[in-house]
Participant: 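Handing you a structure now.
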Protein chains: 2
Amino acid sequence: MTPTDEQLSISEVAERTGLSAHTLRYYERAGLMLAPIHRASSTHRAYSARDVTWIIFLTRLRSTSLPIASVKEYADLARRGEDTMPDRLELLQRHRVSVVAQLADIQASLAAIDYKISLYERTTV
Amino acid sequence: MTPTDEQLSISEVAERTGLSAHTLRYYERAGLMLAPIHRASSTHRAYSARDVTWIIFLTRLRSTSLPIASVKEYADLARRGEDTMPDRLELLQRHRVSVVAQLADIQASLAAIDYKISLYERTTV
DNA sequence: CTAAAACCTCGAGCGCACTCTAAGTCAAGC
DNA sequence: GCTTGACTTAGAGTGCGCTCGAGGTTTTAG
């Protein structure tokens, strides 16, 4: 058995991704998985390394405020096959623009907060 | 009349801050204002330059995910007077740590997205 | 074989931050 | 003075993203 055949339970995936088991089931129901999660030996989910890699990437998309509907859109495209690669690329590029804007905005906010902190420190000392 | 005496209507403040008039009233009801908003000549709100400066700073706090409850906490402290300056400073410093973490996380996500984009571009070309 | 722990589905519930509506009041231009 | 548009309040409604609960099944350890 190669390492990539390793199967993980939902709680193991929860631990590795920082998501809750509830959230993992919710994401699956919401259609965010690239492929149906395999059921090992019965009804219990058995995640592959590939599943986990995708879940980690999708949390990167989510943590940069890509809505669940857009993640689903991406997953739907991916499931439709290689023909949709340009569409997926475009979706990512559009999102990238938004992430760069988020960065700039947060940096500006950090500067404002730092300035405010500097005023307090000047006054307190 | 000095420029700082300038009074702005709610729609003017909405325009200057990017918030809606609805949101400005909501924030006020939620106790986020540092001082009661003055009512010019009747029931209509008349914002001072100081009010607007605070609203802009509070949107910096909000856009870096400081919950409304925490903004209220800060505003409550500020209303209680100068004695609370150390508490306000601490609140800001705590939030600053979270903002720096947000920045790091978003930068990591951007790197992951860029990597994924680079794979698509390699394959597409 | 049994008990406990982990898993399952389905659907309801929740928290947050707005966002809107209704019904009315006020201000500015003609 | 009258109309039009901006403003007012109080409270209800919305959208998103989880999060939880009930009631049942499966796995695992002893």
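Naming convention: chains lettered A, B, ... in sequence-line order (proteins, then strands); numbering from 1 in each chain.
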Participant: OP1 or OP2 of dC18(C) less than 4.0 angstrom from a side-chain nitrogen or oxygen of Arg62(B), does that happen here?
Facilitator: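 Yes, Arg62(B) has a side-chain N/O under 4.0 Å of OP1/OP2 on dC18(C).
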Participant: Closer than 3.5 angstrom, by distance alone: can the side chain of Ser70(A) be matched with the main-chain N or O of Leu66(A) as a donor-acceptor pair?
Facilitator: no
Participant: Report the relative orientation of the aromatic rings in Tyr120(A) and Tyr74(B); use parallel for angles under 30°, tilted for 30 to 60°, perpendicular for over 60°.
Facilitator: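 Because their plane-to-plane angle is over 60°, the rings of Tyr120(A) and Tyr74(B) count as perpendicular.
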Participant: How many angstroms lie between atom CG of Leu61(B) and atom NE2 of His95(B), to the nearest 0.5 angstrom?
Facilitator: 5.5 Å
Participant: I need the NE2-C1' distance between His38(A) and dC8(C), as an integer number of Å.
Facilitator: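 Spelled out: NE2 on His38(A) to C1' on dC8(C) is 16 Å.
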Participant: Ignoring the backbone of His22(A), work out which of dA6(D), dG21(D), dC18(D) is nearest its side chain.
Facilitator: dG21(D)
Participant: Take atom CG of Leu19(B) and atom P of dT19(C), then tell me their distance rounded to the nearest Å.
Facilitator: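 Nearest whole value for this atom pair: 10 Å.
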Participant: Can you measure Ile68(B) atom CD1 to dT19(C) atom P for me and round it to whole angstrom units?
Facilitator: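 Spelled out: CD1 on Ile68(B) to P on dT19(C) is 10 Å.
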Participant: In whole Å, what is the span from the NZ atom of Lys72(A) to the C1' atom of dC16(D)?
Facilitator: 16 Å
Participant: So, OP1 or OP2 of dA6(C): does either fall under 4.0 Å of a side-chain N or O from Ser9(A)?
Facilitator: no
Participant: Can you tell me the distance, in whole Å, between the CG atom of Leu24(A) and the P atom of dC20(D)?
Facilitator: 14 Å
Participant: Check the distance between dT28(D)'s P and Glu12(A)'s CD and give it to me in whole angstrom.
Facilitator: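 Computing the Glu12(A):CD to dT28(D):P distance gives 11 Å.
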Participant: Can you tell me how far the CZ atom of Arg50(B) sits from the NE2 atom of His38(B), to the nearest 0.5 Å?
Facilitator: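 Going from CZ on Arg50(B) over to NE2 on His38(B), the span is 15.0 Å.
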Participant: Verify the contact: side-chain N or O of Arg29(B) to OP1 or OP2 of dA10(D), cut-off strictly under 4.0 Å; return yes or no.
Facilitator: no
Participant: Do the side-chain N or O atoms of Arg45(B) get closer than 4.0 angstrom to the phosphate oxygens (OP1, OP2) of dC7(D)?
Facilitator: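 No, no such contact exists.
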Participant: Could you walk me through whether Arg88(A) and Thr84(A) pass the side-chain hydrogen bond (donor to acceptor under 3.5 Å, both in side chains) check?
Facilitator: CA-CA 6 Å; Arg88(A) 281 178 269 157; Thr84(A) 66; 3.0 Å; yes
Participant: Output the rounded distance in Å from CD (Glu28(A)) to P (dC10(C)).
Facilitator: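 Computing the Glu28(A):CD to dC10(C):P distance gives 11 Å.
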Participant: Which listed nucleotide (dC8(C), dC26(C), dC18(C)) is nearest to the side chain of Arg25(A)?
Facilitator: dC8(C)
Participant: Nearest heavy atom decides the nucleotide; on that basis, is Ser65(A) or Arg39(B) closer to the 5' end of DNA chain D?
Facilitator: Arg39(B)
Participant: For Leu58(B) and dA17(C), what is the distance between atoms CG and C1' respectively, to the nearest whole Å?
Facilitator: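 Roughly 13 Å, once rounded to whole Å.
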Participant: Verify the contact: side-chain N or O of Tyr27(B) to OP1 or OP2 of dC18(C), cut-off strictly under 4.0 Å; return yes or no.
Facilitator: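 Tyr27(B) to dC18(C) OP1/OP2: side-chain N or O found under 4.0 Å.
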Participant: Ignoring the backbone of His44(A), work out which of dA6(C), dC7(D), dC18(D) is nearest its side chain.
Facilitator: dA6(C)
Participant: Side-chain N or O of Thr23(B) versus OP1/OP2 of dA17(C): is the shortest distance under 4.0 Å?
Facilitator: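 No, outside the criterion.
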Participant: Answer with base, sugar-phosphate or nothing: what part of the nucleic acid does Ser20(A) contact at a heavy-atom distance below 4.0 Å?
Facilitator: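 The answer is nothing, as Ser20(A) stays clear of every strand by at least 4.0 Å.
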Participant: Which sits closer to the 5' end of DNA chain C, Thr43(B) or Ala69(B), going by the nucleotide each is nearest to?
Facilitator: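 This one resolves to Ala69(B).
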